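Numbering of ligands and ligand atoms starts at 1, following listing order. Given the structure is predicted, the values throughout are model-derived calculations rather than measurements.
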Amino acid sequence: MAQKEVVIIGGGISGLSMAFYCSQAGMKTTLIEKENAVGGSFFSPQFSSNSDKFWLEMGAHTCYSSYQNLLGIVEGCGIADTIIPRAKVPFTLLKNGKVSSIMSGLNIFELLRSAPNLFFLKKENMSVRAYYSKIVGENNYRNTVSHFFNAVPSQPTDDFPADMMFKSREKRKDVLKNYTFKNGLQSVALTIAAQKGIEVHTGSPAQSVSTSGGKYVVKTADGQEYAGDALVIALPSAPAARLVHDINPGLADHFTKLRYADVDSVGVVIRKSNVSLKPVAAIISPNDIFFSMVSRDTVPDDNFRGFAFHFRPGLDDNAKFKRITEVLGVSLSKIEHTITKKNVVPSLRVGHKDWASKTDQMLGNVRNLYMTGNYYGGMAIEDCVSRSREEFDRMKISR
Ligand SMILES: Cc1cc2nc3c(=O)[nH]c(=O)nc-3n(C[C@H](O)[C@H](O)[C@H](O)COP(=O)(O)OP(=O)(O)OC[C@H]3O[C@@H](n4cnc5c(N)ncnc54)[C@H](O)[C@@H]3O)c2cc1C
């Protein structure tokens with residue numbers, strides 16, 4: 001039988017994990033990514049000053065022992081030895097100009113009064129606000145916990161489905177509870193892309209999809225054409241809808257119903273001696289112009305510290321840098337490197353599972369079309385890889 005040819009659009013972890021599974025199964029796998037490098041929300045730019053090299057996470061930053069499908073790929077690529085622990089530094093709250101622990105923002109009496117609800121309240125069909133107001137108390141939720149939740153997908157999360165925010169999954173006992181990678185998460189993306197059997201085309205977006213002679217044909221902005229027996233869309237919902245429109249307007253229409261949020265991330269690298277802020281994993285500042293600041297203090301460096309601020313979209317640079325220098329207590333002249341990144345995250349709502357099962361129903365009627373991303377089972381890395389695994393299993397049984 002002829003070797004199956006698969007074209008995958010989108011080089012984030014969703015597309016890359018699918019590429020890994022397809023190439024391992026001996027399929028001829030082509031992956032198209034619009035940026036110059038793969039990774040999507042796995043973006044760990046490297047900075048160098050003289051002989052020093054330093055990386056900073058501008059998107060995802062933490063993996064867990066429960067990420068079993070991801071770990072399977074990491075092991076399959078032979079890079080399990082690049083897993084490193086994260087230093088135990090606190091997640092903090094910035095209130096009235098002072099950095100303190102998250103716990104200090106909680107009213108303990110209200111917390112103790114509400115916590116027993118944890119044992120009988122079910123998350124299904126409840127919003128984050130409805131569920132967690134009952135678990136931690138309404139005031140604790142409004143004043144502190146909601147801001148912590150907002151920091152996870154960098155947008156207001158009151159209306160998110162409670163059962164899609166933090167999922168409990170089976171953990172692997174032989175792996176660190178939480179970890180990162182020696183050269184940042186993007187090193188995982190780059191390693192997957194370099195696997196035998198995966199052909200990667202970067203630097204030009206997929207612009208159209210059509211069918212011809214029983215194959216899917218993808219055209220990119222630079223005029224190239226890629227044909228495959230099967231097509232995998234691994235994109236945020238808006239570009240996914242645009243591309244699918246020409247081959248299946250019904251599915252495209254279904255995708256336009258999904259909401260999403262843009263996140264404007266700005267990273268800064270500063271010499272260690274120039275920052276007096278105590279080491280932190282992250283700072284969450286209620287009702288601020290940024291949802292979170294995630295630091296590199298979890299992987300301490302001898303010379304530099306790095307901080308990624310995840311801002312609400314649409315702010316000008318002056319406002320962003322004014323706030324960065326205020327929060328870090330440093331002047332602009334002390335910032336050695338800056339980098340920006342635009343991330344896209346889904347805005348999930350209660351009832352999202354119905355949207356996802358309708359997607360699967362619709363896909364069941366389209367030959368050799370597969371869709372993965374961070375808006376099926378959830379937006380955590382493991383949700384993306386698990387979705388790819390499920391779509392790959394569906395692909396294996398279709399001939
Ligand atoms: C700031 C931030 C922090 C996070 N932290 C964590 C964390 O610590 N742990 C965790 O588990 N999860 C975390 N997440 C969530 C997780 O990282 C993401 O859900 C996941 O990485 C998304 O992967 P993806 O491949 O679905 O999408 P993306 O990473 O968005 O990848 C989509 C890719 O498609 C490409 N693309 C778009 N249009 C086209 C086109 N027309 N043609 C070709 N390519 C195109 C994009 O350039 C991009 O590379 C975080 C997310 C963000 C934004």
Side-chain angles (χ1 to χ4, degrees), residues 7-19 30-44 56-64 66-67 69-70 86 91 150-155 164-167 169 178-181 184-186 188-189 192-193 200-209 218-222 224 226 232-244 260-267 281-282 290-294 298 308-311 341-346 348 371-388:
V7 177
I8 300 170
I9 311 176
I13 190 61
S14 298
L16 287 164
S17 50
M18 191 72 178
T30 302
L31 184 135
I32 301 167
E33 164 56 45
K34 74 168 178 176
E35 300 296 341
N36 289 331
V38 295
S41 298
F42 281 25
F43 184 45
S44 329
L56 178 64
E57 296 294 14
M58 294 297 293
H61 44 86
T62 312
C63 299
Y64 300 91
S66 59
Y67 287 10
N69 284 317
L70 178 77
R86 287 164 46 88
F91 281 82
N150 295 349
V152 176
S154 301
Q155 60 187 292
M164 293 182 99
M165 275 298 277
F166 294 107
K167 289 193 193 161
R169 299 173 230 261
N178 63 69
Y179 54 89
T180 180
F181 292 84
L185 260 67
Q186 197 175 8
V188 176
I192 300 173
V200 180
H201 296 271
T202 55
S204 185
Q207 240 179 7
S208 71
V209 174
V218 180
K219 282 194 187 150
T220 49
D222 60 0
Q224 299 296 312
Y226 304 94
V232 181
I233 309 271
L235 300 172
S237 58
R242 272 196 300 277
L243 282 176
V244 161
Y260 60 89
D262 293 315
V263 187
D264 279 350
S265 304
V266 179
F290 65 96
F291 286 101
S292 66
M293 178 281 272
V294 178
T298 46
F309 283 75
H310 301 295
F311 284 103
K341 162 94 171 106
K342 286 200 185 301
N343 287 302
V344 184
V345 280
L348 305 178
M371 303 195 73
T372 178
N374 59 0
Y375 43 84
Y376 294 92
M379 66 170 274
I381 296 163
E382 182 66 6
D383 291 315
C384 301
V385 183
S386 302
R387 170 69 187 181
S388 296

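If you number the atoms of ligand 1 from 1 as listed, the ones under 4.0 Å from a heavy atom of Val345 come out as 53 (C). Each of the atoms 11 (O), 12 (N) of ligand 1 lies under 4.0 Å from some heavy atom of Ala380. Of all atoms in ligand 1, listed by their number and element, those nearer than 4.0 Å to a heavy atom of Gly373 are 26 (O). Under a 4.0 Å criterion applied to the non-hydrogen atoms of Ile32, ligand 1 contributes the atoms 43 (C), 44 (N). Remark: ligand 1 atoms within the under-4.0 Å shell around heavy atoms of Gly40 are 29 (O), 31 (O), 48 (C), 49 (O). Of all atoms in ligand 1, numbered sequentially from 1 with element shown, those under 4.0 Å from a heavy atom of Pro205 are 40 (C), 41 (N), 42 (N).
For Ser265 against Asn343, the heavy-atom pair with the smallest separation is OG-ND2, 3.4 Å. The minimum heavy-atom distance between Phe42 and Gln186, with the atom names listed, is O-CG, 3.2 Å.
Contact annotation for Asn343 and ligand 1: only side-chain heavy atoms (C-beta onward) come within less than 4.0 Å of the ligand. Counting heavy atoms closer than 4.0 Å to ligand 1, residue Tyr64 contributes nothing at all. In His310, the part holding a heavy atom less than 4.0 Å from any atom of ligand 1 is the side chain. In Ile9, the part holding a heavy atom less than 4.0 Å from any atom of ligand 1 is the side chain.
Under a 3.5 Å cut-off, the side chain of Gln155 and the backbone N or O of Asp262 do not form any donor-acceptor pair. Between the side chain of Ser14 and the backbone N or O of Thr372, no donor-acceptor pair lies under 3.5 Å.
Between Leu185 and Ile381 the shortest side-chain heavy-atom distance falls below 4.5 Å. Annotation: side chain of Val294 is not in contact with side chain of Glu57 (no heavy-atom distance under 4.5 Å). You'll find the side chain of Thr30 stays beyond 4.5 Å of the side chain of Val218, heavy atoms only. Put simply, the side chain of Thr220 reaches to within 4.5 Å of the side chain of Tyr226, judged on heavy atoms. The shortest side-chain heavy-atom distance between His201 and Val7 does not fall under the 4.5 Å cut-off. Residues Ser237 and Tyr375 have side chains in contact (heavy-atom distance under 4.5 Å, counting atoms from C-beta outward).
Atom 5 (N) of ligand 1 has as its closest protein heavy atom Ala60 CA, 3.2 Å. Scanning all protein heavy atoms for the shortest distance to atom 2 (C) of ligand 1 gives Gly59 C, 3.7 Å. Of the protein's non-hydrogen atoms, the one nearest atom 20 (C) of ligand 1 is Cys384 SG, 3.8 Å. The protein heavy atom nearest to atom 11 (O) of ligand 1 is Tyr67 OH, 2.6 Å. For atom 18 (C) of ligand 1, the closest non-hydrogen atom on the protein side is Met379 O, 3.5 Å.
For ligand 1, the polar-atom distance check against Glu33 finds a nitrogen or oxygen pair separated by under 3.5 Å. Among the atoms of Asn374, some N or O lies under 3.5 angstrom from an N or O of ligand 1. For Lys34, a nitrogen or oxygen atom sits less than 3.5 Å from a nitrogen or oxygen atom of ligand 1, counting backbone and side chain alike. Residue contacts with ligand 1: Ser265 is placed with no nitrogen or oxygen under 3.5 Å of a nitrogen or oxygen of the ligand (distance criterion only). At under 3.5 Å, not a single nitrogen or oxygen of Glu35, backbone or side chain, sits near a nitrogen or oxygen of ligand 1. The shortest N or O to N or O distance between Val152 and ligand 1 is not below 3.5 Å. Polar contact check, Ser14 against ligand 1: a nitrogen or oxygen pair lies under 3.5 Å apart.
With rounding to the nearest 0.5 angstrom, the NE2 atom of His310 is 10.0 Å from the CE atom of Met293. Separation of atoms CG (Leu348) and CG (Asn374) is listed at 8.0 Å; rounding is to 0.5 Å. Of the inter-residue distances, the one linking Ser208 atom OG with Leu243 atom CG reads 7.5 Å to the nearest 0.5 angstrom. Here OG of Ser204 is found 10.5 Å from CD of Glu33. Values are rounded to the nearest 0.5 Å.
Classified by interplanar angle (parallel below 30°, tilted 30° to 60°, perpendicular above 60°), the ring pair Phe181/Tyr179 is perpendicular.
Phe166 pairs by the ring-ring contact (aromatic ring centres under 6.0 Å, His included) definition with Phe149, not counting sequence neighbours. Contacts of Asn69 classified as side chain to side chain donor-acceptor pair (under 3.5 Å), with partners at least two apart in sequence or in another chain: Glu382, Ser386.
The option with the heavy atom closest to atom 38 (N) of ligand 1, from among Leu235, Thr62, Ile13, Thr220, is Leu235. For atom 32 (C) of ligand 1, the nearest non-hydrogen atom from the set Pro153, Ala234, Pro239 comes from Ala234. Considering only non-hydrogen atoms, atom 30 (O) of ligand 1 lies nearest to Ser41 out of Ser41, Ser17, Gly12, Gly11. Looking at Ala238, Ala206, Pro236, it is Ala206 that brings a heavy atom closest to atom 42 (N) of ligand 1.
Contact between Ser154 and ligand 1 is absent, with no heavy atom of the residue lying under 4.0 Å from the ligand. Heavy-atom separations between Val344 and ligand 1 are all 4.0 Å or longer. Distances from ligand 1 to the non-hydrogen atoms of Tyr375 include no value under 4.0 Å.
For atom 27 (O) of ligand 1, the nearest protein heavy atom lies 4.0 Å away or farther.
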